[in-house]
**Student:** 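Let me begin by handing over the structure; questions about it come next.
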Amino acid sequence: MSELKCKICGGTLAIEEGSTIATCEYCGTKQTLPKLSDERRMQMFDRANHFRRNSDYDKAMSLFEQILNEDKTDAEAYWSIVLCRYGVEYVEDLATHERKPTVNRTQFASIFADEDYKSAIEYADSLQREIYEADAKAIDNIQKSILAISQKEAPFDVFICYKETDNSGHRTPDSVLANDLYHQLTQEGFKVFFSRITLENKIGEAYEPYIFAALNSAKVMVVLGTRPEYFKAVWVRNEWSRFLSQIKAGAKKNLVPAYKNMDPYDLPDEFSNLQAQDMSKLGFMQDLIRGIEKLIEKEDEKPISVIKETKVVTNMNNNTEQLLKRAKLALEDSEFSKADDFCEQVLNIDAENTDAYLIKLLVEFKVKSIEKLGDLTMLFTNSKNYQKLVRFADEKTKNELQTSLDMILDRIREALKSFVHLMKYAKNIEKRLAFYL
């Protein structure tokens, strides 16, 4: 009998040999198990799950990826990466005492479109698959709720990322510096996300929808700190790593590290290619504000305060455009699965986006343009993507689709004519043979 730590509460699980699921006697959660071929692998899973339970998702994900490098068929390793990507934490329901998932790293993409989730389902046995699918459904519903709330939030210009309290629960110097920066930036007309003030009216609510909305709409993030460990604190890192991920994905955003009373070489390695600002330097605030003004787009010669109030196009729209560009590039390279995933992310933002439904239709039939649909040998009118596309498309797109359908119908008619002619010829041959026989 092997022993492994419960991935939900950290208690010790007693595991029967050959089992793929187990129930924790401490928290009562039925859970899936990894392939435990040796003691070293078990320790790696325990260590990775320890980081994940403590919300250090990046470090946990790195360990799970190492595990997968040794065995590409371990369903639990794939599922664990999914939990890290979506920042899933299992919280006790005070009414039922059940452990239910919460999401701390919302994605635009549905969990059902996630490649690691698909791999987990592929390699899972029937007992594991049942648990994965149930949890994925719960996570997907949470995501939809978060996205619905976040889309109602007004966009931000600047996101201030910092550590609010120290290990004793006292306010940090970083919090005071962030407060000063917040007031300076708001006086200049910027819309600033500063959790201490921005979230003060959200007590009793989940913060993730509002943090997610701010991370996606803000064009500049200022990460400030007075100690190396504050920059690397779990929730601080959770915010700036998500922002950096958007930048790497092509979003037009900028991250500005700002430090005080510490060596800049002690900043996180991820900031090594960024221009850090010394907050103790004379004129720091003026330099920072001037830099942010340059980074944030302006309309004509309007003052920034007016721009913030009148601007219509939000970052959500920018994200949609970027995702569609990536979908089209993936389609050009015949990477159909990737193109479809990008379109799903677009539809999570804009459920009536005709470009996304068009690309999904092309992906469905493995063609690269609307004209190529006309080369198909079968009609595509039963496709749900086609039906949604026609529902929301403009007349031009509808006419192009009809042209492709007409080409297919013409080909089918010609094929039927040839078939009828062939049948007549066959009957004549049959009559002649009957005469001789």
Side-chain angles (χ1 to χ4, degrees), residues 78-79 81-88 101 103-122 129 132-152 208-209 212-213 215-217 242 245-246 248-251 314-370 373 380 382-393 397 401:
Y78 286 111
W79 174 249
I81 288 175
V82 172
L83 296 182
C84 292
R85 181 170 294 123
Y86 289 82
V88 176
V103 175
N104 295 311
R105 299 179 99 174
T106 308
Q107 310 286 324
F108 281 115
S110 166
I111 190 171
F112 296 116
D114 188 280
E115 291 300 322
D116 289 303
Y117 171 72
K118 292 176 183 178
S119 295
I121 294 299
E122 178 184 353
R129 191 176 299 116
Y132 291 150
E133 289 175 342
D135 274 12
K137 185 177 180 181
I139 292 166
D140 188 58
N141 287 334
I142 294 168
Q143 280 238 129
K144 287 176 180 176
S145 174
I146 290 173
L147 288 168
I149 295 171
S150 68
Q151 289 180 34
K152 298 175 184 177
E208 172 61 15
F212 174 75
L215 286 172
N216 281 283
S217 64
R242 292 165 74 181
S245 294
Q246 293 179 32
K248 290 176 182 176
T314 68
N315 200 66
M316 291 291 186
N317 300 122
N318 292 335
N319 281 338
T320 300
E321 291 173 8
Q322 291 298 322
L323 289 167
L324 284 172
K325 284 181 182 177
R326 298 194 69 187
K328 290 172 183 176
L329 289 171
L331 186 66
E332 286 177 12
D333 295 334
S334 299
E335 295 179 331
F336 297 113
S337 179
K338 278 188 178 181
D340 190 71
D341 287 346
F342 286 129
C343 289
E344 282 296 323
Q345 295 180 51
V346 171
L347 293 172
N348 281 333
I349 305 170
D350 178 7
E352 298 181 4
N353 191 289
T354 54
D355 288 334
Y357 284 118
L358 175 57
I359 295 172
K360 283 180 69 67
L361 178 65
L362 299 178
V363 165
E364 184 178 349
F365 292 95
K366 302 293 187 293
V367 295
K368 297 183 181 181
S369 68
I370 196 168
L373 287 170
F380 49 81
N382 287 333
S383 164
K384 290 183 178 179
N385 291 316
Y386 167 76
Q387 292 164 4
K388 289 280 175 55
L389 178 55
V390 171
R391 180 179 170 187
F392 302 122
T397 303
L401 289 168

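It should be emphasised that the depicted structure is a prediction, and the values quoted were computed from it without experimental measurement.
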**Student:** Do Val82 and Tyr132 have side chains that approach each other closer than 4.5 Å (heavy atoms only, starting at C-beta)?
**Tutor:**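 In short, these two side chains do not touch, never coming nearer than 4.5 Å.
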
**Student:** Starting from the C-alpha separation in whole Å, work towards a yes-or-no answer on side chain to side chain contact (heavy atoms under 4.5 Å, CB included) for Arg326 and Lys338.
**Tutor:** CA-CA 9 Å; Arg326 298 194 69 187; Lys338 278 188 178 181; over 6 Å; no

**Student:** I'd like to know if Glu352 pairs up with Arg391 as an ion pair, taking the criterion as any Lys NZ or Arg NE/NH1/NH2 lying under 4.0 Å from an Asp or Glu carboxylate oxygen.
**Tutor:**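 Not counted as a salt bridge, because no side-chain N and carboxylate O are separated by less than 4.0 Å.
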
**Student:** On a heavy-atom basis, which atom in Glu115 and which in Ser337 lie closest, and how many Å separate them?
**Tutor:**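 Reported closest heavy-atom pair: OE2-OG, 3.1 Å.
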
**Student:** Among Leu83, Asn141, Ile139, find the one that has a side chain to side chain contact (heavy atoms under 4.5 Å, CB included) with Pro101.
**Tutor:**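 It is Ile139, the one option of Leu83, Asn141, Ile139 that forms the side chain to side chain contact (heavy atoms under 4.5 Å, CB included) with Pro101.
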
**Student:** Under the 3.5 angstrom rule, does the side chain of Gln143 hit a backbone N or O of Ile111 as a donor-acceptor pair?
**Tutor:**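 Not confirmed, Gln143 side chain does not pair with Ile111 backbone.
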
**Student:** So Thr354 and Thr397, do their side chains get closer than 4.5 Å, heavy atoms only?
**Tutor:**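 No, too far: nothing below the 4.5 Å cut-off.
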
**Student:** Would you say Tyr357's side chain and Lys384's backbone share a donor-acceptor pair under 3.5 angstrom?
**Tutor:**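 Not a single qualifying donor-acceptor pair exists.
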
**Student:** Which atom pair, heavy atoms only, marks the closest approach of Ser383 to Leu361?
**Tutor:**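 That would be OG-CD1, 3.6 Å.
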
**Student:** May I ask you to decide if Glu335's main-chain N or O and Asp333's side chain share a donor-acceptor pair within less than 3.5 Å?
**Tutor:**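 Flag not set: sc Asp333 to bb Glu335 has no pair under 3.5 Å.
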
**Student:** Tell me which pairs pass salt bridge (charged side-chain N to carboxylate O under 4.0 Å, His left out) where either residue lies in residues 136-152, with sequence neighbours left out.
**Tutor:**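 Residue pairs passing salt bridge (charged side-chain N to carboxylate O under 4.0 Å, His left out), neighbours aside: Asp140-Lys144.
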
**Student:** Quick check: closest heavy atoms across Pro209 and Ile146, and the distance to 0.1 Å?
**Tutor:**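 Shortest heavy-atom contact: CA-CG2, 3.6 Å.
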
**Student:** Mind listing the closest non-hydrogen atom pair of Ala356 and Cys343 along with its distance?
**Tutor:**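 Scanning both residues completely, I find the closest heavy atoms to be O-SG, 3.6 Å.
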
**Student:** Give, for atom CG of Asn104 and atom CZ of Arg242, the distance between the pair rounded to the nearest 0.5 Å.
**Tutor:**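 Atom-to-atom, Asn104:CG and Arg242:CZ are 8.0 Å apart.
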
**Student:** If every non-hydrogen atom of Glu133 is compared with every non-hydrogen atom of Ile121, which pair is closest and at what distance?
**Tutor:**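 For Glu133 and Ile121, the tightest heavy-atom pair comes out as CG-CD1, 3.8 Å.
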
**Student:** Would you compute the distance between atom NZ of Lys118 and atom CD of Glu122 and round it to the nearest 0.5 angstrom?
**Tutor:**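 Here the rounded value is 11.0 Å.
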
**Student:** Under 4.0 Å between a side-chain nitrogen and a carboxylate oxygen: does that hold for Glu364 and Lys388?
**Tutor:**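 Salt bridge absent between Glu364 and Lys388.
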
**Student:** Side chain of Glu208, backbone of Thr106: donor and acceptor closer than 3.5 Å?
**Tutor:**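 At least one qualifying donor-acceptor pair exists.
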
**Student:** Test your reading of the model: is there a side-chain donor-acceptor pair from Arg105 to the backbone of Arg85, 3.5 Å cut-off?
**Tutor:**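 Side chain of Arg105 to backbone of Arg85, a donor-acceptor pair under 3.5 Å: no, none is there.
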
**Student:** When rounded to the nearest 0.5 angstrom, what is the spacing between CG in Asp135 and OH in Tyr117?
**Tutor:**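 It comes to 9.5 Å.
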
**Student:** CG/Leu331 to CD1/Ile359 distance, rounded to the nearest 0.5 angstrom?
**Tutor:**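 It comes to 6.5 Å.
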
**Student:** Which distance, rounded to the nearest 0.5 Å, do you find between the CD1 of Ile149 and the CD of Gln151?
**Tutor:**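 Reported value, rounded in 0.5 Å steps: 11.0 Å.
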
**Student:** Could you give me the CA-CA distance, side-chain angles and deciding distance for Gln107 and Asp114, then say whether side chain to side chain contact (heavy atoms under 4.5 Å, CB included) is met?
**Tutor:** CA-CA 10 Å; Gln107 310 286 324; Asp114 188 280; over 6 Å; no

**Student:** Counting only heavy atoms not in Lys366 (residues, nucleotides, ligands), do more than 12 fall under 6.0 Å from its NZ?
**Tutor:**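 Enclosed: over 12 neighbouring heavy atoms sit under 6.0 Å from NZ of Lys366.
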
**Student:** Looking at every heavy atom in both Ala136 and Phe112, which two are closest together, and how far apart are they?
**Tutor:**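 Answer, listing the atom of Ala136 first, then Phe112: CB-CE2, 3.8 Å.
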
**Student:** Do the non-hydrogen side-chain atoms of Asn385 and Val363 ever get within less than 4.5 Å of each other?
**Tutor:**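 Asn385 vs Val363: side chains apart.
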
**Student:** Output yes when a side-chain donor or acceptor of Lys368 lies under 3.5 Å from a complementary backbone atom of Glu332, and no otherwise.
**Tutor:**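 Side chain of Lys368 to backbone of Glu332: a pair is present.
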
**Student:** If you measure from OG on Ser145 to CD1 on Ile142, what distance do you get to the nearest 0.5 Å?
**Tutor:**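 Going from OG on Ser145 over to CD1 on Ile142, the span is 8.5 Å.
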
